[in-house]
Asker: 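My structure is below; once you've seen it, I'll send some questions.
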Amino acid sequence: MQTRSRHCLVTGASRGLGLEFTRQLLALGERVVAACRRPAGHPALTRLAAEYPGHLHVLPLELTEARSRAELLREVEALWGRLDLLLNNAGMLVSGERFGSLEADAFRQSFETNALAPLLLAEAALPLLERGTSPCVAWLSSQLGSIARTEAFYTPSYAVSKAALNMAAKLAAAPLAERGVRSVLLHPGWVRTDMGGPAAPLEAPEAVAGMLKVIDALPAGARAPFLDYRGEPLPW
Ligand SMILES: NC(=O)c1ccc[n+]([C@@H]2O[C@H](COP(=O)([O-])OP(=O)(O)OC[C@H]3O[C@@H](n4cnc5c(N)ncnc54)[C@H](OP(=O)(O)O)[C@@H]3O)[C@@H](O)[C@H]2O)c1
C-alpha cells in the first residue's frame with residue numbers, strides 16, 4: 001500500500017461502499033472529500049470528521065445536477081487545488097423490474113446516475129487530476145454490466161446503465177491517459193450493502209480493501225481495464 005497522503009474524492013459516501021472507501025482511505029492517512037446528498041445527515045461521517053480533523057471534508061453532491069458537480073469541484077479546487085484519486089462510486093439500482101412492465105423513467109434515471117453523471121464529473125475533474133500525483137479515476141461498475149456474462153433478464157435498467165458506464169469509461173480512458181491519468185473499471189463483488197442486500201456473500205471492508213489494492217497496482221497509462229476486487233479481469 002502506498003504511504004503518501006493522497007487527495008481523494010469519493011462520491012456516494014453516505015453509506016455502503018462509499019462510506020467504507022472513506023473509512024479505509026482515512027485510516028491509510030489519505031485526505032478525503034466525502035461527497036453525498038445530505039452532508040449533515042450521516043452520523044458515521046460526522047464521527048470520522050472528528051476522528052480525522054483536517055483530513056475529511058464532507059461536501060454536498062447531487063450527482064445528476066450539473067451545478068452541484070461544478071460547486072463540488074470548485075470546493076476541491078479551493079481546498080487542495082489538485083486531486084489524486086476520483087472514486088466514481090455513487091450509483092443506483094431499481095429493483096423489481098419485469099419484462100412486460102418496464103418503466104422508461106427507471107432507465108432514464110439509471111443512465112443519468114450510473115453512466116452520464118460519472119462521465120461528466122470525471123471530465124470536469126480532469127484539470128484537478130492533471131495536477132495530482134499518479135492520478136487515477138476508479139469507476140464503480142458491476143459484473144451485471146458485462147454483456148458477455150448476461151444470460152437472463154435481470155435488473156435491466158441497472159445492467160444497461162452499467163454497460164453504458166463501461167463504454168463511457170473506456171472512451172474517457174484515452175483523453176485521461178493522454179494527460180497522465182490512470183483509470184480502472186471495478187466490480188466490487190456482490191457486497192452486503194443496501195444495494196447488494198443481506199444475502200450478499202462479501203462484506204464491504206473486504207471488497208474495498210481489495211479494490212484499493214487493485215488501484216494501487218494499476219500501471220501508469222492504465223486505460224480502464226475491467227477488473228474485480230481481486231484484480232481478476234471481467235469479460236465485456
Ligand atoms: N453492493 C454490491 O453488491 C455492488 C455490486 C456491483 C457494483 N456495485 C456498485 O458499487 C457502487 C456502490 O454501491 P453500494 O452497494 O455501496 O450502494 P448503496 O449502498 O445503495 O449506496 C449508493 C450510494 O450512492 C449514492 N447516490 C445514489 N444516487 C445518487 C445521486 N444522484 N447523487 C449523489 N449520490 C447518489 C447514495 O446516496 P444516498 O444515501 O443519498 O441515497 C449512496 O451513498 C455503486 O456504483 C454500485 O452500482 C455494488
Side-chain angles (χ1 to χ4, degrees), residues 9-24 32-46 48 58-73 86-95 105-106 108-122 137-146 149-150 154-166 168-169 184-212 214-215 226-230 232 234:
L9 169 56
V10 181
T11 68
S14 61
R15 55 195 166 98
L17 294 170
L19 179 58
E20 186 59 29
F21 272 120
T22 301
R23 263 199 204 106
Q24 292 197 20
V32 180
V33 163
C36 56
R37 288 193 265 220
R38 292 174 300 106
H42 305 289
L45 285 175
T46 309
L48 284 171
V58 184
L59 298 178
L61 173 67
E62 168 46 66
L63 184 61
T64 58
E65 284 176 9
R67 232 183 333 176
S68 177
R69 293 192 300 268
E71 183 52 34
L72 175 70
L73 294 179
L86 168 58
L87 267 159
N88 248 329
N89 164 80
M92 61 170 284
L93 184 154
V94 175
S95 51
D105 271 351
R108 287 191 195 104
Q109 261 181 37
S110 299
F111 176 75
E112 181 130 30
T113 306
N114 292 345
L116 179 58
L119 174 64
L120 295 175
L121 183 66
V137 177
W139 315 79
L140 269 283
S141 181
S142 167
Q143 67 179 2
L144 296 173
S146 164
R149 282 208 174 168
T150 300
Y154 186 63
T155 58
S157 59
Y158 181 77
V160 166
S161 66
K162 289 293 187 182
L165 172 70
N166 287 358
V184 61
L185 278 154
L186 292 168
H187 167 56
W190 182 18
V191 192
R192 215 167 307 154
T193 61
D194 291 341
M195 185 183 290
L202 253 187
E203 295 285 2
E206 186 182 350
V208 165
M211 289 188 282
L212 289 176
V214 173
I215 291 169
F226 187 16
L227 306 175
D228 75 7
Y229 71 104
R230 296 160 306 187
E232 297 293 327
L234 278 97

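Everything numeric in this text was worked out from a predicted model, so none of it was measured. First listed ligand is number 1; within each ligand, the first listed atom is number 1.
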Asker: Looking at every heavy atom in both S146 and T150, which two are closest together, and how far apart are they?
Answerer: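 Answer, listing the atom of S146 first, then T150: O-OG1, 2.8 Å.
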Asker: Could you pull out all donor-acceptor pairs under 3.5 Å where a side-chain atom in residues 137-145 meets a protein atom, sequence neighbours excluded?
Answerer:
unit_1, atom_1, unit_2, atom_2, d
S141, OG, N166, OD1, 2.6
S142, OG, L144, N, 2.9
Q143, OE1, R149, NH1, 3.0

Asker: Give the numbers and elements of all ligand 1 atoms closer than 4.0 Å to a heavy atom of W190.
Answerer: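 Per the distance check, 3 (O).
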Asker: Which pair of heavy atoms, one from L61 and one from S68, lies closest together, and at what distance?
Answerer: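 Heavy-atom minimum between the residues: CA-OG, 3.4 Å.
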Asker: Specify the closest pair of heavy atoms between Q24 and P205, including all atoms of both residues, with the distance to one decimal.
Answerer: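 Taking Q24 first and P205 second, the nearest heavy atoms are NE2-O, 2.9 Å.
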Asker: Answer yes or no for A117: is there a heavy-atom contact with ligand 1 below 4.0 Å?
Answerer: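 Outside the 4.0 Å threshold, so no.
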Asker: Got the closest protein heavy atom to atom 10 (O) of ligand 1, with its distance?
Answerer: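 Among all protein heavy atoms, the one nearest atom 10 (O) of ligand 1 is L17 CD1, 3.5 Å.
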Asker: Go through ligand 1 atom by atom and flag the ones less than 4.0 Å from a non-hydrogen atom of S14.
Answerer: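 In order of numbering, the contacting atoms are 37 (O), 38 (P), 39 (O), 42 (C), 43 (O).
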Asker: Counting from 1, what ligand 1 atoms have a heavy atom of D194 closer than 4.0 Å?
Answerer: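 In order of number, 19 (O).
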Asker: Atoms of ligand 1 less than 4.0 Å from L61 heavy atoms?
Answerer: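 Heavy-atom distances to L61 below 4.0 Å select 32 (N), 33 (C).
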Asker: For atom 5 (C) of ligand 1, what's the nearest protein heavy-atom neighbour? Residue, atom name and distance, please.
Answerer: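 The protein heavy atom lying closest is G189 O, 3.3 Å.
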Asker: I want to confirm something. Looking only at heavy atoms, which of A90, G91, G12 is nearest to atom 27 (C) of ligand 1?
Answerer: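 Checking each option, the heavy atom nearest atom 27 (C) of ligand 1 is found in G91.
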Asker: Yes or no: does E62 have any heavy atom under 4.0 Å from an atom of ligand 1?
Answerer: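 Contact check E62 vs ligand 1: positive.
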Asker: Donor-acceptor pair, distance only, cut-off 3.5 Å: does the side chain of N89 make one with the backbone of T11?
Answerer: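 Side chain of N89 to backbone of T11, a donor-acceptor pair under 3.5 Å: yes, one is there.
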Asker: Quick check: closest heavy atoms across S161 and A115, and the distance to 0.1 Å?
Answerer: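 For S161 versus A115, the nearest heavy atoms are O-CB, 3.6 Å.
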Asker: Heavy-atom distance under 4.5 Å between the side chains of L19 and L48, does that happen here?
Answerer: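 In contact.
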Asker: Do me a favour and list the nearest non-hydrogen protein atom to atom 47 (O) of ligand 1 with residue, atom name and distance?
Answerer: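 Scanning the protein heavy atoms, the shortest distance from atom 47 (O) of ligand 1 goes to Y158 OH, 2.5 Å.
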Asker: Is K162 close to ligand 1, meaning an N/O of one under 3.5 Å from an N/O of the other?
Answerer: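 N/O-N/O distance under 3.5 Å: yes.
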Asker: Starting from atom 17 (O) of ligand 1, find the nearest protein heavy-atom neighbour and note its residue, name and distance.
Answerer: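 For this ligand atom, the closest protein heavy atom is M195 CB, 3.5 Å.
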Asker: If the cut-off is 4.0 Å to any non-hydrogen atom of T113, which atoms of ligand 1 fall inside it?
Answerer: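 Atoms satisfying the 4.0 Å criterion: 28 (N).
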Asker: Under a heavy-atom criterion of less than 4.0 Å, does Q143 contact ligand 1?
Answerer: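 Flag not set, Q143 not near ligand 1.
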Asker: Take every heavy atom of P188, measure it against each atom of ligand 1, and state whether any distance is under 4.0 Å.
Answerer: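 P188: in contact with ligand 1 (<4.0 Å).
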Asker: Closest heavy-atom contact between L186 and P188?
Answerer: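 L186 and P188 have their closest heavy atoms at O-CD, 3.6 Å.
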Asker: What protein heavy atom sits nearest atom 44 (C) of ligand 1, and how far away is it?
Answerer: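 Result for atom 44 (C) of ligand 1: N89 O, 3.1 Å.
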Asker: May I ask you to identify the nearest protein heavy atom to atom 3 (O) of ligand 1, giving residue, atom name and distance to one decimal place in Å?
Answerer: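 For this ligand atom, the closest protein heavy atom is V191 N, 2.7 Å.
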Asker: Is it true that a side-chain atom of T113 and a backbone atom of S110 form a donor plus acceptor pair closer than 3.5 Å?
Answerer: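 Looks like no, no N/O pair under 3.5 Å.
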Asker: Look at atom 36 (C) of ligand 1 and say which protein heavy atom is nearest, naming residue and atom and giving the distance to 0.1 Å.
Answerer: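 The closest one turns out to be R15 NH2, 3.7 Å.
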Asker: Salt bridge (charged side-chain N to carboxylate O under 4.0 Å, His left out): which pairs involve residues 13-22, sequence neighbours left out?
Answerer: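 Output for this query lists R15-D194, E20-R23.
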Asker: Using a 3.5 Å distance criterion without hydrogens, assess whether the side chain of R192 forms a donor-acceptor pair with backbone atoms of E203.
Answerer: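 Side chain of R192 to backbone of E203: no pair is present.
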Asker: Counting heavy atoms only, name the option from T193, T64, L63 that's nearest to atom 14 (P) of ligand 1.
Answerer: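 The residue whose heavy atom sits nearest atom 14 (P) of ligand 1 is T193.
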Asker: Taking only heavy atoms of S142 into account, list the atoms of ligand 1 that are under 4.0 Å away from them.
Answerer: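 By the 4.0 Å cutoff, the relevant atoms are 6 (C), 7 (C).
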Asker: What part of R38, side chain, backbone, both or neither, has a heavy atom within less than 4.0 angstrom of ligand 1?
Answerer: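 Neither part.
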Asker: Can you tell me how far apart CZ (R108) and CG (L116) are? Round to the nearest 0.5 Å.
Answerer: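 R108 atom CZ to L116 atom CG measures 14.0 Å (nearest 0.5 Å).
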Asker: Would you name the heavy atoms of M92 and Y158 that are closest together and state the gap between them?
Answerer: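 Heavy atoms only, the tightest pair is O-CD1, 3.1 Å.
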Asker: Need the ligand 1 atom indices (1-based, order shown) with element for anything under 4.0 Å from a heavy-atom of S141.
Answerer: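 Per the distance check, 6 (C), 7 (C), 8 (N), 9 (C).
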Asker: Would you find a donor on one side and an acceptor on the other, under 3.5 Å apart, between the side chain of N88 and the backbone of P118?
Answerer: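 A pair under 3.5 Å: yes.
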Asker: Can you name the atoms of ligand 1, numbered from 1 with element, that are less than 4.0 Å from a heavy atom of G16?
Answerer: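 Atoms satisfying the 4.0 Å criterion: 16 (O), 19 (O).
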Asker: Starting from atom 30 (C) of ligand 1, locate the nearest protein heavy atom and write down its residue, its atom name and how far away it is, to 0.1 Å.
Answerer: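 Checked against all protein heavy atoms, atom 30 (C) of ligand 1 sits closest to R37 NH1, 3.4 Å.
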